[in-house]
Amino acid sequence: MSTATLPGAAQRLLRGPVGAAGGVMVVDGLPEPGVLGALTQEAHSRYAESDRQDVDVDDGTAGRGGTPARHLYTSGGGPVQDALYNAPWLSDYLSHLCGTRVRPTGTRGSYSYYVHPGDHLGLHLDIETCDVTLISVLRDDAGPDRPSGGLLVHAAHLGRDLHEVRRLGEVGLGLVKAAPGQSIVLLGGLLPHETLPVDPGGTRIISALCFVAG
Ligand SMILES: O=C(O)CCC(=O)C(=O)O
Ligand SMILES: [Fe+2]
């Protein structure tokens, strides 16, 4: 599959600053300290109602969505995350970084909890409503120097499907680690990615927000 066949919004994303940087960028100071604290509190309080996701083997999907292998807990967001998600400045900021207009998909965001040793999220492309995914790290007990819970991006396969990634194997990988107070801006529908298994005691909690490109 050539990237020349991708739709216009995808082409614009690839040509924007995040696309030019390889499809992923770590930004500092987002969320700002007060919001980070409130989001972390909300994530902890939503954990009681989270769902366990246990999938040992993926369904072999080539494109976006599908059923990636995974072991983790997820929950819906809450009012603190909703306020961040719907803040016009956030869409403006991400639009600027991505080089094309993006907006919230309209649904709520979510929290993900990698808690047990080995919890991870396997290779995938994000669902159709997540052209741009904002992953804010709220907690990472493993710390910044360990691969535990890191985002592994298949940079050599930006704009390509997962069949190619599986066929060509582990080439052109990049490991992205962000700390609490930082966020990962990811072209989640274009850059194949996975979350590495967490170490024992390496609990990692993120806020995930999905944006569509116009
Ligand atoms: O854990 C992460 O950093 C990424 C999570 C992710 O890719 C997703 O939720 O789709
Ligand atoms: Fe993802």
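Note that the structure is a prediction, hence the values are computed from the model and not measured. Excluded from the calculations below are hydrogen atoms, water molecules and symmetry mates; all remaining heavy atoms, backbone and side chain alike, are included. Ligands are counted one by one from 1 in listed order, and the atoms in each one are counted from 1 as well.
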*asked:* Once rounded to the nearest 0.5 Å, what's the spacing between atom CG of L191 and atom CG of L151?
replied: 7.5 Å

*Which residue and heavy atom of the protein sit nearest atom 3 (O) of ligand 1, plus the separation*: R204 NH2, 2.8 Å

*What protein heavy atom sits nearest atom 2 (C) of ligand 1, and how far away is it?*
T195 OG1, 3.2 Å

*asked:* Distance alone, cut at 3.5 Å: any donor-acceptor contact between the side chains of H124 and H193?
replied: yes

*asked:* Please work out, at 4.0 Å between heavy atoms, whether the side chain, the backbone, both, or neither of L121 comes within that distance of ligand 1.
replied: side chain

*If you measure from each non-hydrogen atom of E194 to ligand 1, which part falls under 4.0 Å: side chain, backbone, both or neither?*
neither

*Let me know which of R103, E128, R101 forms a side chain to side chain contact (heavy atoms under 4.5 Å, CB included) with V212.*
R103

_Angle, NE2 of H193 through the Fe ion (ligand 2) to NE2 of H124 - 10° precision_ = 90°

*Is the NZ or CZ atom of R46 both under 6.0 Å from the centre of the six-membered ring of Y111 and within 45° of that ring's axis?*
no

*Output the atom name for the N/O/S atom of D126 with the smallest distance to the Fe ion (ligand 2).*
OD1

*Nearest-0.5 Å distance, CD of residue Q182 to CG of residue D140*: 10.5 Å

_For ligand 1, the portion of D126 having any non-hydrogen atom under 4.0 Å away_ = side chain

*Would one find an N, O or S atom of C130, in either backbone or side chain, under 2.8 Å from the Fe ion (ligand 2)?*
no

*For ligand 1, which part of I206 has a heavy atom less than 4.0 Å away: the side chain, the backbone, both, or neither?*
side chain

*Could you tell me whether the side chain of L186 reaches within less than 4.5 Å of the side chain of D126, counting heavy atoms only?*
yes

*Going by an N to O cut-off under 4.0 Å, is there a salt bridge joining R70 and D56?*
no

*Is S112 close to ligand 1, meaning an N/O of one under 3.5 Å from an N/O of the other?*
no

